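Working notes, beginning with the structure itself.
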Amino acid sequence: MTRGTTPSYIITVSDFENLDGHTVEVTFKQNDLLVTLRGDDVVIDGNKVSVFLTQSQTLLFKAGTAKMQVRGIDSNGTAWASNIISVPVNPILRNGEIEHE
């Protein structure tokens with residue numbers, strides 16, 4: 001991700017063919033900063049999970065590396081978690097959000 005942008009992530013959860021009925025969250029972590037997307041912020045399509053970060057969310061991160069993990073629980077109460085992956089965080093020259101004119 002690049003700070004101050006609105007990236008989207010589409011994650012395929014290969015352990016399941018269909019995640020309907022699962023409660024799913026996606027967490028990004030860098031040092032003490034945690035950004036967790038859940039509920040309406042998570043789109044499920046089959047075994048794909050999509051999340052979209054805002055400018056303000058990506059501006060919370062410092063240039064470097066963040067971690068990302070997908071977790072979920074099915075209607076039977078069986079919880080699962082993906083492997084943790086590294087996400088590069090790229091810098092920007094001017095801090096702050098950019099507005100559409």
Side-chain angles (χ1 to χ4, degrees):
M1 83 177 72
T2 298
R3 297 184 69 248
T5 64
T6 56
S8 59
Y9 291 90
I10 301 171
I11 305 112
T12 301
V13 182
S14 57
D15 291 343
F16 299 96
E17 288 184 24
N18 194 331
L19 294 169
D20 287 344
H22 290 232
T23 299
V24 177
E25 66 181 31
V26 178
T27 299
F28 295 84
K29 183 177 188 328
Q30 186 183 58
N31 301 321
D32 292 333
L33 172 67
L34 277 176
V35 174
T36 299
L37 303 169
R38 59 174 63 97
D40 291 341
D41 293 328
V42 176
V43 177
I44 295 172
D45 182 16
N47 68 340
K48 295 189 185 327
V49 175
S50 301
V51 292
F52 309 88
L53 294 168
T54 65
Q55 288 185 69
S56 61
Q57 288 169 325
T58 60
L59 284 168
L60 296 171
F61 294 94
K62 305 237 183 280
T65 303
K67 303 288 186 185
M68 179 178 68
Q69 185 177 44
V70 181
R71 294 179 61 205
I73 188 166
D74 68 16
S75 58
N76 295 321
T78 302
W80 53 269
S82 72
N83 292 330
I84 298 170
I85 64 165
S86 294
V87 177
V89 180
N90 300 312
I92 53 176
L93 295 177
R94 182 187 68 80
N95 203 28
E97 293 184 30
I98 185 168
E99 299 291 328
H100 180 38
E101 297 179 4

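None of the values given here were measured: they were computed from a predicted structure.
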Show the nearest heavy-atom pair for residues Gln69 and Ala81, with the distance to one decimal.
NE2-CB, 3.8 Å
From Leu34 atom CG to Thr27 atom OG1, the distance as rounded to the nearest 0.5 Å:
6.5 Å
List the residues meeting side-chain contact (heavy atoms from CB on, under 4.5 Å) with Asn47, not counting sequence neighbours, and say none if there are none.
Thr12
Positive for side-chain contact (heavy atoms from CB on, under 4.5 Å) with Val24, one of Ile73, Val51, Ile44
Ile44
For Phe61, ring pair (Phe, Tyr, Trp, His ring centres under 6.0 Å) partners two or more places apart:
none
Residues at least two apart in sequence or cross-chain that pass side chain to side chain donor-acceptor pair (under 3.5 Å) with Asn95, listed by chain then number, are Arg3
Just wondering, are more than 12 heavy atoms of other shown residues or ligands nearer than 6.0 Å to CG in Asp45?
no
Once rounded to the nearest 0.5 Å, what's the spacing between atom CZ of Phe28 and atom CG of Leu37?
6.0 Å
Determine, using the 4.5 Å side-chain heavy-atom cutoff (strictly less than), whether Ile85 and Val49 are members of one ILVMFWY cluster.
yes
Contact between Val70 and Val42 at the side-chain level, heavy atoms closer than 4.5 Å - yes or no?
no
Taking C-beta and beyond as the side chain, do Val26 and Met68 meet within less than 4.5 Å on heavy atoms?
yes
Minimum heavy-atom separation for Pro91 to Thr2, with atom names?
O-CG2, 3.8 Å
Would you indicate whether the side-chain heavy atoms of Asn31 and Lys62 approach each other to under 4.5 Å?
no
For Ser86 against Thr65, the heavy-atom pair lying closest together
CB-CG2, 3.8 Å
Please collect all side chain to side chain donor-acceptor pair (under 3.5 Å) contacts where either partner lies in residues 70-84, sequence neighbours excluded, each pair once.
His22-Trp80
Counterpart residues, side-chain contact (heavy atoms from CB on, under 4.5 Å), relative to Pro7 (two or more places apart)
Met1, Thr5, Tyr9, Leu53, Thr58
Are Val35 and Phe52 co-members of a hydrophobic cluster defined by side-chain heavy atoms under 4.5 Å apart?
no
Excluding sequence neighbours, so at least two apart, what forms side-chain contact (heavy atoms from CB on, under 4.5 Å) with Ser56?
Thr54, Glu97
CG/Leu59 to CD1/Ile92 distance, rounded to the nearest 0.5 angstrom?
5.0 Å
